[in-house]
Student: 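First the structure, then my questions, so here it is.
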Amino acid sequence: MQRDQYFNQIESRLTLLAGRIKVRGCLNVLNFNIHAENFYAGLLNEVFDYNLKNMNVVEQNAAAIDLVDDGNKIIVQVSSTSTKEKIQSSLSKLIEGYVGYRFVFCPLVVDASQLRTLKYKAATGVSFDPAKGVLDIPTILRQVLALPISKMESVCELVRKEIPFDEGG
């Protein structure tokens, strides 16, 4: 089935990217982290029907916010650090102007399920439900599995373009 082929390509490339980001982080080679923000904006837009924009275009190094969707009132932190402290730090740095927004944490790791079981204190007026607001690779892939075939094909094409299987990437 074509659906299985699309899913396999998406899963293998997301897993590859997470592994490469982890290894490169150990070496302090962080260029993938920067590009991952734009990639994840596109990926989350396709998979969840968001309209995320990279905040660095608007404000360089915006505190605790990498991506924003004003229409759906979502703010996203994309991070290679997947700890409770990172999430809490991001939540505490949210500035005024995001009242009514939902915070989403997108760790660039294969599994962050343990983060969903912890308690966090969100900034006043910002909501964060860790059970739904931590989007690790398995969470994204579960959503991909439920997509219509045409949407899954679109996600696969995006992932193939952004994460080719080659040694130089």
Side-chain angles (χ1 to χ4, degrees), residues 7-57 59-69 72-95 98 101-123 126-147 155-156 158-160 162-163 169:
F7 178 81
N8 289 341
Q9 290 184 44
I10 295 165
E11 179 273 328
S12 62
R13 284 172 165 81
L14 291 179
T15 303
L16 171 71
L17 178 62
R20 293 196 71 192
I21 285 173
K22 182 176 181 176
V23 170
R24 285 169 164 248
C26 294
L27 300 170
N28 202 32
V29 178
L30 305 176
N31 60 315
F32 279 14
N33 297 50
I34 295 164
H35 296 298
E37 290 176 7
N38 287 319
F39 166 67
Y40 267 85
L43 179 67
L44 298 177
N45 286 344
E46 282 290 322
V47 173
F48 295 98
D49 290 322
Y50 294 157
N51 190 25
L52 295 164
K53 305 281 189 251
N54 191 326
M55 276 298 291
N56 283 321
V57 173
E59 177 186 345
Q60 191 71 24
N61 292 321
I65 302 170
D66 294 314
L67 311 173
V68 66
D69 176 343
N72 290 304
K73 294 200 173 257
I74 298 169
I75 47 180
V76 179
Q77 171 79 57
V78 178
S79 179
S80 60
T81 304
S82 60
T83 63
K84 177 184 179 170
E85 293 75 23
K86 177 63 176 181
I87 294 174
Q88 191 57 65
S89 172
S90 296
L91 286 167
S92 66
K93 290 178 186 173
L94 292 174
I95 56 174
Y98 293 101
Y101 280 70
R102 181 168 52 99
F103 178 78
V104 173
F105 185 72
C106 191
L108 302 174
V109 296
V110 173
D111 179 31
S113 56
Q114 80 284 358
L115 296 175
R116 287 189 197 87
T117 65
L118 304 173
K119 303 286 184 212
Y120 304 89
K121 182 174 174 16
V126 174
S127 66
F128 177 58
D129 177 0
K132 297 177 185 173
V134 176
L135 298 181
D136 59 3
I137 292 173
T139 303
I140 294 168
L141 289 174
R142 274 190 283 282
Q143 186 69 26
V144 167
L145 281 170
L147 292 174
V155 171
C156 185
L158 169 74
V159 172
R160 274 195 296 230
E162 289 277 2
I163 310 168

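A quick note: this is a predicted structure, and the numbers were derived from the prediction, not measured.
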Student: How far does CE of M55 sit from CD of E37, to the nearest 0.5 angstrom?
Tutor: 11.0 Å
Student: State, to 0.1 Å, how close P130 and L118 come at their nearest heavy-atom pair, and which atoms those are.
Tutor: CG-O, 3.6 Å
Student: Might you point out which heavy atoms bring F128 and Y120 nearest each other, and give the distance in Å?
Tutor: CE2-CD1, 3.5 Å
Student: Using 0.5 Å steps for rounding, measure from the CZ atom of F105 to the OG atom of S90.
Tutor: 6.0 Å
Student: Could you tell me whether the side chain of K132 reaches within less than 4.5 Å of the side chain of R102, counting heavy atoms only?
Tutor: no
Student: Set out, in order, the CA-CA distance, both residues' side-chain angles and the distance that settles side-chain contact (heavy atoms from CB on, under 4.5 Å) for Y98 and I65, then state yes or no.
Tutor: CA-CA 10 Å; Y98 293 101; I65 302 170; 3.3 Å; yes
Student: Below 4.5 Å, heavy atoms only, C-beta onward: do T139 and V134 meet side chain to side chain?
Tutor: no
Student: Using 0.5 Å steps for rounding, measure from the CG atom of L43 to the CG atom of L17.
Tutor: 10.0 Å
Student: Among side-chain atoms of S92 and Q88, is any donor-acceptor pair under 3.5 angstrom?
Tutor: no
Student: What do the steps show when you test V23 against F32 for side-chain contact (heavy atoms from CB on, under 4.5 Å), and what is the final call?
Tutor: CA-CA 11 Å; V23 170; F32 279 14; over 6 Å; no
Student: Taking atom NZ of K93 as the centre, report whether more than 12 heavy atoms of other residues, nucleotides or ligands fall under 6.0 Å from it.
Tutor: no
Student: With rounding to the nearest 0.5 angstrom, report the CD1 to CG distance, I75 to D69.
Tutor: 11.5 Å
Student: What are the two closest heavy atoms between A131 and R116, and how far apart are they?
Tutor: O-CD, 3.5 Å
Student: Which atoms form the tightest heavy-atom contact between A122 and V126, and what is the distance?
Tutor: CB-O, 3.3 Å
Student: Going through the checks in order, is the side-chain contact (heavy atoms from CB on, under 4.5 Å) test met by L67 and N54?
Tutor: CA-CA 5 Å; L67 311 173; N54 191 326; 4.3 Å; yes
Student: If you take all heavy atoms of I137 and A18, which pair is closest and at what distance?
Tutor: CD1-CB, 3.6 Å
Student: Taking N45 for the side chain and N51 for the main chain, is one N or O donor matched with an acceptor at less than 3.5 Å?
Tutor: yes
Student: Do the side chains of R24 and N31 get nearer than 4.5 Å, heavy atoms only?
Tutor: yes
Student: Are the side chains of L147 and F7 in touch, meaning some heavy atoms are under 4.5 Å apart?
Tutor: no
Student: Checking the side chain of T117 only, and the main-chain atoms of Q114 only, is there a donor and an acceptor separated by less than 3.5 Å?
Tutor: yes
Student: Using side-chain heavy atoms (C-beta onward) and a distance below 4.5 Å, is L158 in contact with I10?
Tutor: no
Student: At what distance, to the nearest 0.5 angstrom, does CG of L52 lie from CD1 of I74?
Tutor: 6.5 Å
Student: I need the I21 CD1 to L108 CG distance, nearest 0.5 Å.
Tutor: 4.5 Å
Student: Show the nearest heavy-atom pair for residues K84 and L115, with the distance to one decimal.
Tutor: N-CD2, 3.5 Å
Student: Start with the C-alpha distance between I163 and F39, add both sets of side-chain angles, then the distance that settles side-chain contact (heavy atoms from CB on, under 4.5 Å), and finish with yes or no.
Tutor: CA-CA 9 Å; I163 310 168; F39 166 67; 3.7 Å; yes
